[in-house]
Amino acid sequence: MEKRLLLGDEAIALGALHAGLSGVYAYPGTPSTEITEFIQNSPLAKERGIRSRWCTNEKTAMEAALGMSYAGKRALVCMKHVGMNVCADAFVNSAVTGVNGGLIVLAADDPSMHSSQNEQDSRFYGKFAMIPIFEPSNQQEAYDMVADAFQLSESLKLPVLLRVVTRLAHSRAAVKVGEPSSQNAFNPDEGKHWVLLPAIARRQYASLISKQPDLLQAAESSKYMRKNISRNRLGVIACGIGYNYVMEAGMKDISVLKVSQYPLPVDAVKQLASESDEILVVEDGQPFVEEQVKGILSADYPVSGRLTGRLPRTGELNPDNVAAGLCGKPDGAEEELANSPINVVGRPPALCQGCGHRDVYAALKQVVGEYEGARVFGDIGCYTLGALPPFQAINSCVDMGASITMAKGAADAGVFPAIAVIGDSTFTHSGMTGLLDAVNDNANITIIISDNLTTAMTGGQDSAGTNKFEQICLGLGVDPEHVKVVVPLPKNMEEITQTLRDEINYKGVSVIIPRRECIQTHARKLRQQKKEAQK
């Protein structure tokens with residue numbers, strides 16, 4: 001076997017390629033993006049014709065992967081944790097229809113919110129859908145689990161959720177890799193169980209319920225579970241990457257149950273409890289296992305973890321706060337912060353110098369200052385940084401696509417002017433339906449689609465609507481007189497500010513599209529052109 005130094009994301013991608021993958025479907029989102037990028041750049045993927053283009057959003061990605069699975073091919077769908085919210089309809093129903101070719105749903109969670117709006121834990125989605133969940137503790141397991149997850153998916157005819165966290169996704173380790181296996185042959189299934197009419201759905205749901213003992217047995221016998229259980233005061237349930245932190249603490253006289261596959265192995269938990277006086281649950285994310293363990297054991301059995309404060313309730317776990325928790329101390333984060341020397345001044349993120357979004361916000365801030373009570377509703381992307389100094393130009397940012405519908409709701413409440421700022425990729429992801437609502441109600445809002453011709457925040461992936469935004473807006477019913485395109489440059493500031501004033505004062509839906517290529521992707525193109533010219 002060959003050894004390779006891989007990110008957790010890269011280990012998953014290579015594991016999928018070696019397991020006979022036929023297609024990966026994804027919307028870019030940190031910390032999951034590198035999985036699809038690795039596959040896109042893989043010679044093996046090119047040789048085998050593996051489908052690997054970016055999708056418009058996570059829902060379309062999930063549905064496309066499900067379609068490939070129905071055709072009998074192995075498919076992978078990748079997203080960050082909040083993407084699970086977007087694809088939830090298709091995801092939950094895929095457990096009811098079942099699958100044909102193996103289907104893995106990769107959810108990359110982001111404890112500590114390094115680049116996210118929340119800390120939600122995708123394991124709850126897997127439990128809600130009643131499907132198997134895998135959670136690797138290291139890069140080697142990330143690679144190995146993919147093949148096992150595909151096999152389990154095909155044996156149970158269910159999708160499998162593979163959950164990782166930022167620290168695993170974005171750290172490197174040596175991984176032993178094997179040889180690629182062949183891709184599945186085309187194997188259509190004529191079963192009518194994929195048609196979720198109520199009568200069929202009821203039968204399929206009953207079938208899903210009947211599979212639950214098999215899921216539990218698979219978790220109880222998982223080769224990724226580790227049991228080091230003997231008579232000790234403290235028993236530790238270590239989930240995924242939390243197992244590494246427990247091992248790094250090097251404590252003796254504790255019993256450890258490593259959990260990397262769900263449903264939670266109930267018998268193993270009971271065995272650990274019978275040999276311990278108390279249990280500490282170490283899991284990176286929300287108290288998913290801790291809550292279940294409290295339900296499995298008697299009410300007076302002491303179970304601690306993130307709910308009790310023995311481990312920090314928010315943010316990532318790390319070797320220090322896990323070691324403190326194992327010793328029975330609070331996480332000590334406040335004390336650690338108080339005693340830490342301040343070596344550098346904090347440097348918050350900022351828009352790149354020369355970025356077109358900067359010119360948009362400079363113009364917007366100038367014009368908005370002319371209106372008392374103006375509100376600017378932002379969205380998810382690089383341009384969210386317009387909320388920070390020096391611009392401080394947006395008043396809200398909630399979720400993908402929310403800017404347009406929130407501006408509409410504010411306008412309905414009497415706010416004027418109500419302005420939405422949304423990026424090109426976010427607009428096609430989930431802003432178009434909001435624009436249709438606004439058009440149908442002739443809402444008095446101004447929408448700025450800040451188009452930098454790429455999905456810039458996640459590294460410059462293709463944007464689904466590039467060179468189509470005017471047509472999309474016209475097709476959704478925006479008055480052609482009020483779809484305006486400007487070039488965001490300082491020399492055009494007078495034109496941009498006047499366009500903003502004109503469209504704000506128009507009583508209806510207006511769209512302004514400031515268009516200029518992201519300077520980072522532009523610089524990469526120039527470097528690539530220079531390299532090619534030198535050959």
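Computation of the quantities below employed the complete heavy-atom set of this structure, encompassing side-chain atoms and omitting hydrogens, waters and symmetry-equivalent molecules. Bear in mind the structure is a predicted one, so any value in this text is a computation, not a measurement.
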Inset, instruction - Inspect the surroundings of CZ in Arg172 and state if more than 12 heavy atoms from other residues, nucleotides or ligands are less than 6.0 Å away. - result: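 Yes, the 6.0 Å shell around CZ holds more than 12 heavy atoms from other groups.
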Inset, instruction - State whether the number of non-hydrogen atoms from other residues, nucleotides or ligands found under 6.0 Å of Tyr301 atom OH is greater than 12. - result: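 Above 12, so yes.
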Are [X] and [Y] close enough that a side-chain donor and a side-chain acceptor fall under 3.5 Å?
| X | Y | result |
| --- | --- | --- |
| Asp144 | Gln140 | yes |
| Tyr143 | His18 | yes |
| Tyr27 | Thr60 | no |
| Asp109 | Ser122 | yes |
| Asp300 | Ser298 | yes |
| Thr454 | Gln520 | no |
| Gln261 | Ser222 | yes |
| Ser116 | Glu119 | no |
| Thr166 | His114 | no |
| Ser230 | Asn232 | yes |

Atom [atom1] of [X] and atom [atom2] of [Y]: how far apart are they, to the nearest 0.5 Å?
| X | Y | atom1 | atom2 | answer |
| --- | --- | --- | --- | --- |
| Asp284 | Cys239 | CG | SG | 10.0 Å |
| Ile229 | Ser255 | CD1 | OG | 6.5 Å |
| Ser137 | Leu168 | OG | CG | 8.0 Å |
| Ser69 | Leu66 | OG | CG | 6.0 Å |
| Leu280 | Ile254 | CG | CD1 | 8.5 Å |
| Ile133 | Phe124 | CD1 | CZ | 10.0 Å |

Legend entry - Residue list, salt bridge (Lys or Arg N to Asp or Glu O under 4.0 Å) with Glu135, at least two apart or on another chain: Arg123, Arg163
Legend entry - Test salt bridge (charged side-chain N to carboxylate O under 4.0 Å, His left out) applied to Glu275 and Lys270, step by step: CA-CA 9 Å; Glu275 296 291 342; Lys270 289 180 177 178; over 6 Å; no
Inset, instruction - Among residues two or more places apart or on two chains, list those pairs meeting salt bridge (charged side-chain N to carboxylate O under 4.0 Å, His left out) that have a residue in residues 235-261. - result: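 Output for this query lists Glu141-Lys258.
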Legend entry - Pairs involving residues 217-228, ordered by first then second residue, that meet salt bridge (charged side-chain N to carboxylate O under 4.0 Å, His left out) (sequence neighbours left out):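 Matches after skipping sequence neighbours: Asp148-Lys223.
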Quick one: does [X]'s side chain have a donor or acceptor within less than 3.5 Å of a partner on [Y]'s backbone?
| X | Y | value |
| --- | --- | --- |
| Asn93 | Ala90 | no |
| Thr384 | Gly381 | yes |
| Gln120 | His81 | yes |

Inset, instruction - May I have the step-by-step check of salt bridge (charged side-chain N to carboxylate O under 4.0 Å, His left out) for Glu278 and Arg233, ending in yes or no? - result: CA-CA 7 Å; Glu278 61 172 323; Arg233 180 190 61 80; 2.5 Å; yes
Inset, instruction - Report the residues that fulfil side-chain contact (heavy atoms from CB on, under 4.5 Å) with Leu385, sequence neighbours left out, ordered by chain and then residue number. - result: Pro349, Leu351, Leu388
Legend entry - Pairing residues for Ser115 by the side-chain contact (heavy atoms from CB on, under 4.5 Å) criterion, not counting sequence neighbours: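 So Ser115 forms a side-chain contact (heavy atoms from CB on, under 4.5 Å) with Thr30, Lys80, Asp110.
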If you define the side chain from C-beta out and look only at heavy atoms, does anything of [X] sit under 4.5 Å from [Y]?
| X | Y | answer |
| --- | --- | --- |
| Thr308 | Val303 | no |
| Phe38 | Leu17 | yes |
| Tyr383 | Thr426 | yes |
| Met145 | Ser260 | yes |
| Asp462 | Arg53 | yes |

Which residues pass the side-chain hydrogen bond (donor to acceptor under 3.5 Å, both in side chains) test with [X], not counting sequence neighbours?
| X | result |
| --- | --- |
| Asn138 | none |
| Ser94 | none |
| Lys365 | none |
| Thr33 | none |

Inset, instruction - Check the pair Glu58, Met84 against side chain to side chain contact (heavy atoms under 4.5 Å, CB included), reporting the backbone distance first and the verdict last. - result: CA-CA 7 Å; Glu58 294 87 355; Met84 292 295 294; over 6 Å; no
Inset, instruction - If a pair satisfies ring-ring contact (aromatic ring centres under 6.0 Å, His included) and one of its residues is in residues 211-254, list it, with sequence neighbours excluded. - result: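 ring-ring contact (aromatic ring centres under 6.0 Å, His included) check on residues 211-254 returns no pairs.
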Inset, instruction - Write out all pairs satisfying ring-ring contact (aromatic ring centres under 6.0 Å, His included) with one or both partners inside residues 148-174, taking only residues at least two apart or from two chains. - result: none
Inset, instruction - Using the side-chain contact (heavy atoms from CB on, under 4.5 Å) rule, pick out the option among Val105, Val24, Ile12 that qualifies with Cys78. - result: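 Running side-chain contact (heavy atoms from CB on, under 4.5 Å) over Val105, Val24, Ile12 with Cys78 returns exactly one hit, Val24.
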Legend entry - Residue from Ile237, Leu234, Leu257, Val236 passing side-chain contact (heavy atoms from CB on, under 4.5 Å) with Ile279: Ile237
I'd like a table of donor-acceptor pairs (distance under 3.5 Å, sequence neighbours excluded) in which one partner is a side-chain atom from residues 285-293, with atom names and distances.
residue : atom : partner : partner atom : Å
Gln286  : OE1  : Asp121  : N            : 3.1
Glu290  : OE1  : Arg306  : N            : 2.8
Glu290  : OE1  : Leu307  : N            : 3.0
Glu290  : OE2  : Gly305  : N            : 3.4
Glu290  : OE2  : Leu307  : N            : 3.2
Gln292  : NE2  : Phe288  : O            : 3.3

Inset, instruction - Locate the shortest heavy-atom distance separating Gly354 from Ile519; write the atom from each residue and the value. - result: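 Closest pair (atom of Gly354, atom of Ile519, distance): O-CG2, 3.3 Å.
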